[in-house]
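What follows is a short report on a single structure.
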Amino acid sequence: MLSQLLLHPRLRSFCIASVIFMYLLIVVAGNIPGARADIGHFASGVVLHSIAYAVLACLCFLGSTGSLGARAVKAVLAVALMGAGDEFIQSFFPYRGAAVRDWAVDCTAAVLAVLALCAALPKAPR
């Protein structure tokens with residue numbers, strides 16, 4: 001029953017809109033001077049990247065179509081591109097910097113999130 005709810009076609013557009021909104025929020029808020037340092041008191045960069053990009057991967061997975069494998073590939077590729085875009089944008093700010101390690105954390109979080117979804121949702125409608 002949970003898989004039918006999560007994979008309902010009406011949920012797809014909401015998931016994609018949520019991905020766009022969340023990614024823009026990450027990019028904008030993450031580049032406000034001092035914001036990253038302030039939130040760093042509560043969670044490390046690895047934790048923040050892991051949670052944010054795992055959620056983005058789940059939303060991409062649920063917002064896409066196809067088999068579980070196709071959804072997983074689409075979600076991981078989308079997160080890889082978003083993570084690279086975020087790091088690229090950060091490279092333009094003197095108080096921020098691009099880090100391949102952060103991008104690797106983003107991709108790892110996406111892979112783990114979609115693997116969990118593939119395990120939890122044994123059947124996906126096309």
Side-chain angles (χ1 to χ4, degrees):
M1 185 158 156
L2 180 62
S3 65
Q4 290 176 346
L5 175 66
L6 290 176
L7 299 174
H8 195 279
R10 290 187 184 174
L11 186 64
R12 287 187 190 131
S13 59
F14 173 76
C15 288
I16 298 303
S18 297
V19 166
I20 294 167
F21 176 75
M22 185 175 170
Y23 180 66
L24 291 175
L25 186 64
I26 288 168
V27 170
V28 171
N31 291 307
I32 295 172
R36 176 60 189 93
D38 290 343
I39 201 165
H41 296 296
F42 301 103
S44 70
V46 172
V47 171
L48 293 172
H49 276 265
S50 296
I51 293 171
Y53 284 91
V55 170
L56 284 172
C58 290
L59 290 170
C60 286
F61 183 96
L62 296 173
S64 65
T65 58
S67 67
L68 290 178
R71 287 171 179 249
V73 169
K74 290 176 193 177
V76 171
L77 288 176
V79 167
L81 289 173
M82 286 187 279
D86 183 23
E87 296 303 317
F88 178 72
I89 291 166
Q90 288 177 16
S91 71
F92 292 104
F93 293 92
Y95 49 87
R96 295 297 314 259
V100 174
R101 180 180 141 287
D102 287 347
W103 178 75
V105 169
D106 301 342
C107 293
T108 302
V111 168
L112 294 175
V114 299
L115 285 174
L117 282 171
C118 286
L121 303 170
K123 293 183 182 179
R126 290 188 174 250

Any side-chain donor-acceptor pair under 3.5 Å between Asp86 and Tyr53?
yes

Among Ile, Leu, Val, Met, Phe, Trp and Tyr joined by side-chain contacts under 4.5 Å, find the other residues sharing a cluster with Ile16 and list them by chain and number.
Ile20, Leu24

Under the rule for side chain to side chain contact (heavy atoms under 4.5 Å, CB included), what residues qualify as partners of Ser13, not counting sequence neighbours?
none

Quick one: are Lys74 and Thr65 in side-chain contact, heavy atoms under 4.5 Å?
yes

Show which side-chain atoms of residues 100-113 pair as donor or acceptor with protein atoms under 3.5 Å away, not counting sequence neighbours.
unit_1	atom_1	unit_2	atom_2	d
Trp103	NE1	Ala80	O	2.8
Asp106	OD1	His49	ND1	2.6
Thr108	OG1	Ala104	O	2.8

What one should report as the nearest heavy-atom pair of Ala78 and Cys60 is CB-SG, 3.9 Å

Answer yes or no: is there a side-chain heavy-atom contact under 4.5 Å between Leu68 and Val114?
no

side-chain contact (heavy atoms from CB on, under 4.5 Å) assessment of Phe61 paired with Cys118:
CA-CA 9 Å; Phe61 183 96; Cys118 286; 3.9 Å; yes

Got Leu62 and Arg12 here, is their nearest side-chain heavy-atom distance under 4.5 Å?
no

Keeping the roles fixed (side chain from Asn31, backbone from Val27), state whether a donor-acceptor pair exists under 3.5 Å.
yes

If you take all heavy atoms of Leu59 and Ser18, which pair is closest and at what distance?
CD1-CB, 3.9 Å

Just so I know, are the side chains of Met82 and Val19 near enough to count as touching, which here means a heavy-atom distance under 4.5 Å?
yes

Taking Glu87 for the side chain and Ala99 for the main chain, is one N or O donor matched with an acceptor at less than 3.5 Å?
yes

Look at the side-chain heavy atoms of Ile, Leu, Val, Met, Phe, Trp and Tyr, link any pair under 4.5 Å apart, and say whether Tyr23 and Leu77 land in one connected group.
no

